[in-house]
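See below for the structure under consideration.
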Amino acid sequence: MDELEWFSRNAYNLALKNTSNWDLRSVVRMLTACVEIISYFPSDYSVENMIDLSLKMLFSRFIISSALVSLARVQDHVEKRRADYQEMRGHVGKFDEELIDLLVESERAEGRHSGCLDLQSKMDMSRKLATLLVFDFEAAVALGQWDDLGGIVGMVKMVDREGEKAANVVVPFQAMADCLLRAASAAEGGGEGKLPGQGELFLSGSCYPSLGFLLVYPSLYCSFFVCGGMLTWCCGFAITVLYSTMRKLVNEVWVVEAFDAVKLAKYTRCLFQATLPLDDTLAMNLLEESCKKARELRDVSLSFTFYTLFWDRRYDFKLLRYPFSHKSALC
Amino acid sequence: MDGALSIVQGMSKQSWDDEPMTAYLAFKVAIRIGDRELAERCLESVSKTADHIEYLGACIAESQKAEDIYCAISGLRKLHGNFKHQVPNKIHLPALFRCAIRLLNYLLEEPGDQEKKVEIVDELCCEFDAGEFTFIGILLVGAKFVEGGWLI
């Protein structure tokens, strides 16, 4: 046991001491070795030591994930970037599992009045988990793992942020919304924009002509293959996922900042702007919901602010171009 | 020392291969005159013999006495390279890694060339990576190590 302690402690200390002067990949390697060595400790090791080791492991995974996301963002080589994001996702998943185990163990220890986790550490770990989930979201977008986006938003919602200010609680949702908007605006530009950091996009320039086709025949999303076939299908699928995930995020921000109509109008407008060129039906559904939300605002002045921030003369021109039946929502 | 060096350089390769004592003595000469290339050749010869553990241990001790950290680390690496998972074992593998890690850390903290330091950091990471697999090996061999009081 002394050997395991020596190696895990020294790997951890060396990495932490040299985070600013070593290459990030070396820091990742060292902390990965630390995490692997800690995993060899038996589960029936003393409770106090296990809590200390668990915290060390969680902190190591946090630094590894932060380092990997930094490396991925500046990586030009596509496969290496994907590998970094994928590895980071693995660490975030493990962080979540290990935090749950630690909190369960801590609750058991509270009953024994020994070896439980203090409140400060619990809050710190919760904040770290929220941060990591934002990175996880970014990685899922970069890797095109759309199915996971809704789940990640749900997990952020479940993180215990009791006692924190609303402005802090809403930050992860804003960051994820920002990530989605960048991805959506890149899609609108036909593949010329950027995902977080550099990199290629989930939609390439070759499918841009197909987007025009889809706007006229939206019902053909799932089955139509046009110049770059699979990418066209991916376009349709990704747009729907983008929209539904963005709505979840805007709803979460609405719950936390229900009385800040100015901010809410801005987020909703961004979503509307991003969605309108890609799918007018989804965009106008959003407009109807937004009008409903504005009417729910009891304060008349806030309601007026919502409408004026949301509306823009540019929309008049765009709306006239699309054949739809939702113009009544504008009234 | 010049005389000793000329004798070493005059010896044929074969006279080293089966004679670890010859290689060890040549190593002592190499360490004293600071000839790392010759020292590395001696370590290579010693590591191939049947009694390599004792002779490599002696070479490492000699290197540390002469404060040649690089030769000491090279000796430790050769010991690790020849390690076989068996019980009983003359080598305490975690201690071997600890020595290598301490020596590498000492080199890192000394002022020196930045490029060289990058290599040392890489070697340090390799030691911890290799150390991690040591534990897998030790756990696989299992309870017999309890008798040695090494780990669990």
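Letters go in sequence order (proteins before strands), and every chain restarts at 1.
- Contact annotation for A:Asn18: neither backbone nor side-chain heavy atoms come within less than 4.5 Å of a heavy atom of chain B.
- More than 12 non-hydrogen atoms from other residues, nucleotides or ligands lie less than 6.0 angstrom from NZ of A:Lys56.
- The shortest non-hydrogen separation linking A:Ser26 to B:Cys125 is O-SG, 3.6 Å.
- Of the atoms belonging to B:Ile101, it is side-chain heavy atoms, and not backbone ones, that fall under 4.5 Å from chain A.
- Taking CD of B:Glu127 as the reference point, atom CZ of A:Phe7 lies at 9.0 Å (rounded to 0.5 Å).
- We find the CG-CZ distance between B:Asp122 and A:Arg29 to be 5.0 Å, quoted to the nearest 0.5 Å.
- Remark: B:Glu115 CD is loosely packed, at most 12 non-hydrogen atoms of other residues, nucleotides or ligands lying under 6.0 Å away.
- Under the 4.5 Å side-chain criterion, counting only non-hydrogen atoms from C-beta, B:Val121 is not in contact with A:Asp23.
- Contact annotation for B:Asn105: only side-chain heavy atoms (C-beta onward) come within less than 4.5 Å of a heavy atom of chain A.
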**Prompt:** Does the side chain to side chain contact (heavy atoms under 4.5 Å, CB included) test come out yes or no for A:Met30 and B:Leu124, once each step is laid out?
**Reply:** CA-CA 9 Å; A:Met30 191 62 76; B:Leu124 203 49; 4.1 Å; yes

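- Between A:Trp6 and B:Phe128, the ring planes are parallel. Angles under 30° get that label, and only those over 60° would be called perpendicular.
- Around the CD atom of B:Glu109, the shell of radius 6.0 Å holds more than 12 heavy atoms that belong to other residues, nucleotides or ligands.
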